[in-house]
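In what follows, every chain begins at residue 1, and chains take the letters A, B, ... in the order their sequences are listed.
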Amino acid sequence: MAMTTTPTTGAPTPRFRPSSREGILSWIGTTDHKRIGIMYFWTVLVFFAFGGTQSGLIRAQLAQAEQSLITAEIYNQMFTMHGITMVFLVVMPFAAAFFNYLLPLMIGARDVAFPRLNAFSYWFYLFGGVFLYSSFLLGGAPNGSWVGYAPLSANAVSNMAFYAVGLQILGVSSLASAINFITTILNMRAPGMTFMRMPIMVWMTLVTSFLLLFAVPIIAVALFMLQFDAVFGAQFFQPASGGDPLLYQHLFWLFGHPEVYIMILPAMGVVSEVMPVFSRKPLFGYAAMAFAGAAIGFIGFGVWAHHMFTSAIGPVPRAAFSVATMFIAVPTGIKIFNWVFTMWGGKIRFTTAMLFSVGFVSMFTIGGLSGVMHAVVPHNAQQHDTYFVVAHFHYVLFGGALFGFISGVYYWFPKVTGKLMDEKLGKLHFWTWLLGFNLTFGPMHLSGLLGQPRRTAVLPEELGGTVELYNLLSSLGFVVLFGSALVFLYNLIRSLRRGEVSGDDPWDARTLEWMTATPPKPHNFDEIPTITARDEFWHRKYAEDEQHVPVPVPAGASVDTDEHAGHGEHIHMPDASVWPFIHTMGVLPLGYGLVYANWWLIGAGVVWMVAGFFGWIIEPLAEGDDDEPATALAAH
Amino acid sequence: MSVATHETSMGLDHRKLAMWIFLASEFLFFGAFVSAYLLYLDTTNRGPGVEIFDIPFTSVSSFVLLMSSLTMVLAHNSHVRGDMRGMRLWILATAGQGMVFLGGQVYEFTVFFREGLDLTQSPFASSFFFLTGFHGAHVFIGVLILLGLYSLSLTGKVKVGQDVKTEMVGLYWHFVDIIWVIIFTVVYLIPELRVGG
Amino acid sequence: MADTTQAGAPAEAEGGADGHHPTQQEYIRIAVVLAILTALEVSTYYFEFGRAALPLLIVLMAIKFVMVAGFFMHLRFDTKLFGRFLYTGLAWAVVLYTLTLLVFVVDANQ
């Protein structure tokens, strides 16, 4: 890895430190939250293509009854990897992409609290994904479904050792990000940026991070147990020796239900940013939005057993969890009404970003309503493990999370690249996406209620012609979605190459990230702004007349560009470092060692990671140590 | 939040704040192990149960770990006063006690193996070894960090006035200790009451 | 449970606030108290405490926990936020796992 490293000023530049902002090494060694966010985004797209391909195979197999395009074994791998990919390698990191890019910009900071730890999170995510996918080449991917219920998953036939170790790796990544983001939000807000002035996106980042903080350790334990059962002969979930598979289900869903909100809250944050801008109104009920988000997170921890209504739990817990689950509809409803009231009476501009946000609210509401149906215990028993459930969670995760994130891509694309995405292609994308989505997942409600089981490789003919028709429609919907995704990809690449130049503030936006240059400089802000209001940027641009109509302030819109650069103020930026990358690479030998019970590989991985960690610690910093007088990045 | 929003931030050290956030999540980690252990307390699959514990022996090693917290805090105290020699001495003492504790755990596990209790014997055995083993792993990592801190203070990477570094290591170490305070009572002493009574 | 002790006691400790941590002698005195408490705990193994044993052990555990956290981890002298994190994590774990185990127990009584 011999790149030309020109020494910077001050202390001697350590070996391997990339000093340029070009070339692959500059990406490997980057600690810039914006570049890390961009890397998250592209990696997510790759995994989204994989996950989409798997769902294509599933839909092809189920397009007609009694088909055998792929074997049951392959089918099981497909639906398992589809679930794992979409949950852990697409939706969660998609949120991380937004958090990374936007969080420091939105609170007026120059980077996150721990830039190298941030890089560490990304590399752990990437290697975790690579590790999981390498299982295809090493005797078959996991095939015990994304929930990995024991004792099946502890059996070698399910290949779930890769699942147990792979998810563990991804969990470390999430936990590190969570700690990083919480610290950043608590500690690095610009002067005047009180909690109640933070954009809702930042609030949702905070809540999501706390959910991860408290949920990831639980799944970590479940996965350790599972893996030791599978590889080292432990007896946690083995009924033969008295082990209780229910323990796995409890631990999984203690994590798994907060996980649901970990996936949806970030998208709610995105929508809460997009809607006010394109309605030209402040967000309706800001405080209610923030606290509803926190309430969803809080209650979301206490409802896990509703995934287990058909497992062996008694009527009293069932009743209790049923009621608790219904309670979640309250804060969620608050949010939905607030979005509607945000649009109410606003000057709405239906840009692609806005369309996707409106799509989010409508599709998510449908998914939410079928969710309340699940909360009813007898109903739940009827629907459990049918396609009705599949329809439900695709309406909240695809119609919800993914619509929200895509809205965010259209909205912040100019911020990241300085170019606009094509609106015509964007609208084509939206309408085909909406159509394809409803065509794919709408009929699943019906086929599920008619009794079509999930996770079954063959569509049984005995279910009848109606169910077959619904399945055919679903498969056609996939084709539409596939075409729509190609439109999106084309639009993305075309706009990157020769999109219309956006200028600094293309949307007449409200929040801090638009107040700096577009695309932002490495240090984000030449001068850290002082915050005096919620929607700070808007209030700098507009005053209100007597009828509360916004009036432009003459010399208001002060986008922070080169004119007042410098000011001689010293800007302390984090150094680039390749050590997080080197350190995290050790997780690959460690992971394979744990799957194959190979102590040499485990040892090599541990030694590698410890060595990498020490390299990380003793790496000299260009501007001295954190404790030396010029402290904290945030301190102006 | 009265402490909050001191103009730019909460006026807290990033690293300490992050460490406390991390420690909060660790309760959920160990809590799951403890729950599994409590659930499987009697699921011994006709193998040894809690009567196998050697309380006097474990009491001694628990005591050693508890006292290592004292030396740890003395190391920090020395560092704050700028007494780096004293700090190094106390760090070594802490790491040494950690290793004694780990040695005790290895001995304990070996004895249990001989008496027919191993990971694959029963859910009780699995959950016992898991809980204490993962705690042991935390102690092991702690010892590594302590030795790292020791050597970095020798090379001058950890200087006088940078006592937050020692404090951070200390926070982790004390946390591992208070987890053992819980484990010692919940895993060893309380189940042992039933054997006695 | 521990939070009340936390909130109630720090009066004399806070007197020397502003990073005024205990001296070496004070630390040693705290360690002696911890040692005595541990001895008390272990004594339940040797002597018969009857029904008092379980609550006694739990109380002793809580006191040791709060003492180490409060003095050695400097919770008493640091910002309250740190303590909130610690005790929130603890309380959260206790609540969630107690509920989980309750679900097992309630089921068993069917």
Is it the case that over 12 heavy atoms from other parts of the model lie below 6.0 angstrom from the [atom1] atom of [X]?
X: B/W180; atom1: CH2; answer: yes
X: B/F109; atom1: CZ; answer: yes
X: B/F140; atom1: CZ; answer: no

Taking side chain as everything from C-beta outward and backbone as N, CA, C, O, which of these in [X] sits under 4.5 Å from a heavy atom of chain A? Side chain, backbone, both or neither.
X: B/F22; value: both
X: B/A24; value: both
X: B/I21; value: both
X: B/F124; value: neither

Any [X] side-chain heavy atom under 4.5 Å of [Y] side chain:
X: B/Y40; Y: A/D244; answer: yes
X: B/S127; Y: A/F236; answer: yes
X: A/L175; Y: B/S25; answer: yes
X: A/F224; Y: B/F29; answer: yes

Approximate separation, where rounding is to 0.5 Å, of [X] [atom1] and [Y] [atom2]:
X: B/H14; Y: A/L186; atom1: NE2; atom2: CG; value: 10.5 Å
X: A/Q235; Y: B/L119; atom1: CD; atom2: CG; value: 8.0 Å
X: A/M188; Y: B/L17; atom1: CE; atom2: CG; value: 11.5 Å
X: B/R15; Y: A/L117; atom1: CZ; atom2: CG; value: 13.5 Å
X: B/L39; Y: A/L246; atom1: CG; atom2: CG; value: 9.0 Å

Subject >> Part of A/L251 lying under 4.5 Å from any heavy atom of chain B >> reply: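 For A/L251, side-chain heavy atoms alone lie under 4.5 Å from chain B.
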Original post:
Using the benzene-type ring in the case of Trp, are the ring centres of A/F214 and B/F27 under 6.0 Å apart?
Top reply: no
Please find the pair of heavy atoms, one from [X] and one from [Y], that lie closest to each other, and give the distance.
X: B/F33; Y: A/M225; value: CD2-CE, 4.3 Å
X: A/N187; Y: B/L12; value: ND2-O, 2.9 Å
X: B/T43; Y: A/S241; value: CG2-O, 3.8 Å
X: B/P123; Y: A/G243; value: CG-N, 3.4 Å

**OP:** Give a yes or no on whether the backbone of A/G242 and the side-chain of B/N45 come within a donor-acceptor separation of less than 3.5 Å.
**Re:** no
Original post:
With chain B, which of A/F613, A/F232, A/F114, A/F614 has the greatest number of heavy-atom pairs at distances under 4.5 Å?
Top reply: A/F114
